[in-house]
Amino acid sequence: MRASLAAIAALLALSAPAIASAAPAKSIEPSIETMKRLVKELSSDAYEGRAPGTAGEDKTLALLAAEFGRLGLKPGNKGSWFQDVPLVEINAKNVSALSFTGGKAAVTAAYGPEMVIGTYRTTQQHVAIKDSPVLFVGYGINAPEKGWNDYAGLDVKGKTVVILVNDPDYETQGLTGPFNGRAMTYYGRWTYKYEEAARQGAAAAIIVHDTVPAAYGWNVVQSSWTGAQHVADSADGNAGQSEAIGWIQKDKAAALFASAGLDLDAQMAAAKKPGFRAVPLTGVVANVSFDNDLRKHSSKNVVALLPGKTHPDEYVLYSAHWDHLGHCEAAPDGDDICNGAVDNATGTAALVALAQANVKAGPTDRSQVFLAVTGEESGLLGSDYYGRNPVFPFSKTVGGVNMDALSVAGLARNVVVIGKGKSQLDAYLDRALAAQGRVATLEPTPEKGYYYRSDHFSFAKHGLPMLYFEGGEDLVKGGTAAGMAAAEDYTEHRYHGPKDEYDPNWDWTGVLADLKLYYSVGRDLATTTDWPNWVDGDEFRAIRDKDRAGK
C-alpha cells in the first residue's frame, strides 16, 4: 500500500539532512532583466524554434557560450563549452495513409490529422509495413514485479500492436493500485510503450491517442511528430527498434476495432483489469509506407563550470533544455515557427541568471555546473547522453535542480513538486519556501506523468538526486481557479505550438520568486558538506548507494 502523506512527511522528517553545515545563502537576487532579455532573444524568429542541427542551434550555442564566458565561468568539458551528442535527423516523406483491411470495412487514417508515423531506425531510408496482422495489447506493459504482462503468451514478430496510453489504473482517484493509481508510472509513458513493443519484436507499434490519459490534445501530437525528428545514434542504427511507431486518433481506432467486430470502449475497460490478455483483430492487417531523409549530425549540450573554492571536485548541477521544435505545423495565420518561449527559453535563461547571481555572491565550497541540454523535445536525448557519459562523475555530484517551463502566470502561494517525497532535497526546498512564506504541494495531476517528461529523470535513473518543481496554481491574484485556467489556456493554445511566444505583458513576479528558490537550494547544496540521498525504499536509492560506495 502506498504510504499516506502523513507517513511520507514523518519519514522525511527522520531522514532529511539537517543542512546545519550550510551557510545561509547570500541575498543576491537573480536578475529579471537578464531573464527578459534572454527569453525574448532565444524565442525570437531569428532562432527558428531552436531545433537541434539547425542554424537555430548554432545561434543558441553561441549565445550561451558568450553569456557564460562574459560572467567568468569556465568551459566545463575539458576546455570546451560543449559536449557532442550524436543524433540522426529523420524527416519522413511520401507518407501513405495508415490502412487497415480484412475486416468488415476498410479503415484509413490520414497522416497528420488522423495519425502520425515514424521510426527510430537510423539507417532505413524506406519503411513499408505490409499486411501486418493487428493485435490489441492493452496498455502494452510487461511488469514482472507487479505480476502484469500484456504480452503473455504472444509472438508479435512481424505484427502491428495497438496500445493504450498511460497506466491501467490512471482513473483511480487515489494513489493506490497496481500502478500507483492516479500517479503515472514510467510504464504509462509513450516512450516505454515503444521500448517494450520493440523488445517483444513488433514490426509496428501504434498508440491510441486519448486526450485525458495522454495529458494533451491531438494538436500536440501532430506538431511534435511531424517534420524533422531527432533520434539518438547507435552503432547498429537502432536495428532492434520496431520498424514503425506512431499514434492514431481515438475515433479512428474505434472504427478499426469495429471493423474486427470489437467495441473499443469495452476492450479498453477489459485492459484495465488484472489478467487481461491481448486480443487479435482477427483478419485485419495494417499497411503503411514512407521514405526517410536521414542526416547524421552532432548536436551539443552546453557545459559551464563555476569552480568551487574548497571542494572543487564535488559538483552541484543545474539543468535545463535549450531546444524546441523548430518549424512545425503552421497556425491558421501561417506562423510555422514553434518558438518555445515558455518551453524552454525560460529555463535556459534561468541558467544564465542563476550563474550571474552566484558569481555576484562569490564562489561556493563546491563547484557549480550549469548544463543546457539538447534534444529534450525528442525524448530527453541530450540529458540521457549526459547521464550515460557524465562530464562530472555522478559519484562526485551532490545533486541538483532542473528547470523546465517557468510559470509566467504570476506569483503563487505554492510550488508543485514533481516527485515530492522521493528525496532528501525536499528539505532544502522547504527551508527556502519557508523564508518566502510559501509551501510545496503535491502534483494536482499526477496522471500526466511529469516526472518522466523532463531532463531530471535522465539523471535520477543513474541515481543522482534531482529536484524539479513547477510554478504553483494557487495564485496570489485569483487563487487556484485563476492558476488552473492559466495552465489550461497555455496547454490548449500555446504548448508545443507556434504561439508559445514572448509576451512583454507577462507577469514575472512568480518567475522571480521561483528563481530565488533555485538559487537558495543550489547555493545551500554548494556550501554544505552533506550528501542528500533518495529516501529509503525509493526506486533510485540502491543505484545512488552503490555509486557513492564506489561499486
Side-chain angles (χ1 to χ4, degrees), residues 89-121 124-137 140 156-165 190 193-194 197-198 202-211 214 216-229 231 241-264 267-268 279-294 325 327-330 332 336 496-497:
E89 180 185 277
I90 304 178
N91 207 329
K93 294 187 174 182
N94 305 318
V95 184
S96 73
L98 173 60
S99 65
F100 301 94
T101 58
K104 295 179 180 178
V107 176
T108 300
Y111 179 62
E114 296 173 331
M115 70 87 179
V116 293
I117 200 78
T119 186
Y120 286 150
R121 296 190 181 186
Q124 195 156 345
Q125 293 183 315
H126 180 71
V127 172
I129 303 298
K130 296 181 179 179
D131 296 331
S132 173
V134 181
L135 298 92
F136 173 56
V137 295
V156 300
K157 292 178 181 177
K159 299 176 182 177
T160 294
V161 293
V162 177
I163 314 169
L164 301 176
V165 71
W190 58 266
K193 312 291 185 182
Y194 297 137
I206 307 296
I207 295 174
V208 177
H209 176 264
D210 193 354
T211 297
Y216 36 73
W218 183 258
N219 62 307
V220 174
V221 176
Q222 186 171 351
S223 64
S224 303
W225 279 73
T226 53
Q229 305 292 300
V231 178
Q241 296 291 332
S242 297
E243 196 170 358
I245 54 174
W247 294 71
I248 190 171
Q249 285 266 34
K250 186 180 178 182
D251 60 348
K252 280 294 176 180
L256 165 62
F257 277 57
S259 74
L262 300 171
D263 179 79
L264 176 61
Q267 293 300 318
M268 290 173 66
V279 179
L281 275 62
T282 305
V284 177
V285 295
N287 287 272
V288 68
S289 65
F290 52 95
D291 297 320
N292 293 312
D293 283 345
L294 303 168
L325 301 177
H327 289 269
C328 57
E329 189 75 16
D336 72 342
H496 279 205

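Both backbone and side-chain heavy atoms feed into the values below; hydrogens, waters and symmetry mates do not.
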Is the side chain of [X] donor-acceptor paired with the backbone N or O of [Y] at a distance under 3.5 Å, no angle test?
X      : Y      : answer
Ser132 : Gly158 : yes
Ser96  : Ser289 : yes
Trp218 : Pro113 : yes
Ser223 : Gly497 : no

For [X] and [Y], work out which heavy atoms get closest and say how close.
X      : Y      : result
Ile90  : Val231 : CD1-CG2, 3.8 Å
Phe290 : Ala92  : CD1-CB, 4.2 Å
Ser99  : Thr108 : CB-OG1, 4.2 Å
Asp131 : Asn287 : N-OD1, 2.9 Å
Val161 : Ala197 : CG2-CB, 4.1 Å
Val284 : Ser259 : CG2-OG, 4.1 Å

side-chain contact (heavy atoms from CB on, under 4.5 Å) between Phe257 and Val162, intermediate numbers included: CA-CA 10 Å; Phe257 277 57; Val162 177; 4.2 Å; yes
Rounded at 0.5 Å granularity, tell me how far [atom1] in [X] sits from [atom2] in [Y].
X      : Y      : atom1 : atom2 : value
Ile163 : Leu135 : CD1   : CG    : 11.0 Å
Ile117 : Ile206 : CD1   : CD1   : 3.5 Å
Ile129 : Lys159 : CD1   : NZ    : 14.0 Å

Should [X] and [Y] count as side-chain neighbours, where that means a heavy-atom distance under 4.5 Å?
X      : Y      : value
Lys193 : Ile245 : no
Phe100 : Ile248 : yes
Val95  : Met115 : yes
Val221 : Val116 : yes

Sequence neighbours excluded - salt bridge (Lys or Arg N to Asp or Glu O under 4.0 Å) pairs with any residue from residues 92-104: Lys93-Asp293
CA sep, side-chain torsions, deciding dist, call: Asp210, Leu164, side-chain contact (heavy atoms from CB on, under 4.5 Å): CA-CA 8 Å; Asp210 193 354; Leu164 301 176; over 6 Å; no
His209 and Tyr216 aromatic ring geometry - parallel, tilted or perpendicular at 30°/60° bounds: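 The arrangement is parallel - the two ring planes meet at less than 30°.
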Sequence neighbours excluded, every pair satisfying side-chain hydrogen bond (donor to acceptor under 3.5 Å, both in side chains) that has a member inside residues 111-121: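 For residues 111-121, and leaving out neighbouring residues, the side-chain hydrogen bond (donor to acceptor under 3.5 Å, both in side chains) pairs sorted by first residue read Arg121-Gln124.
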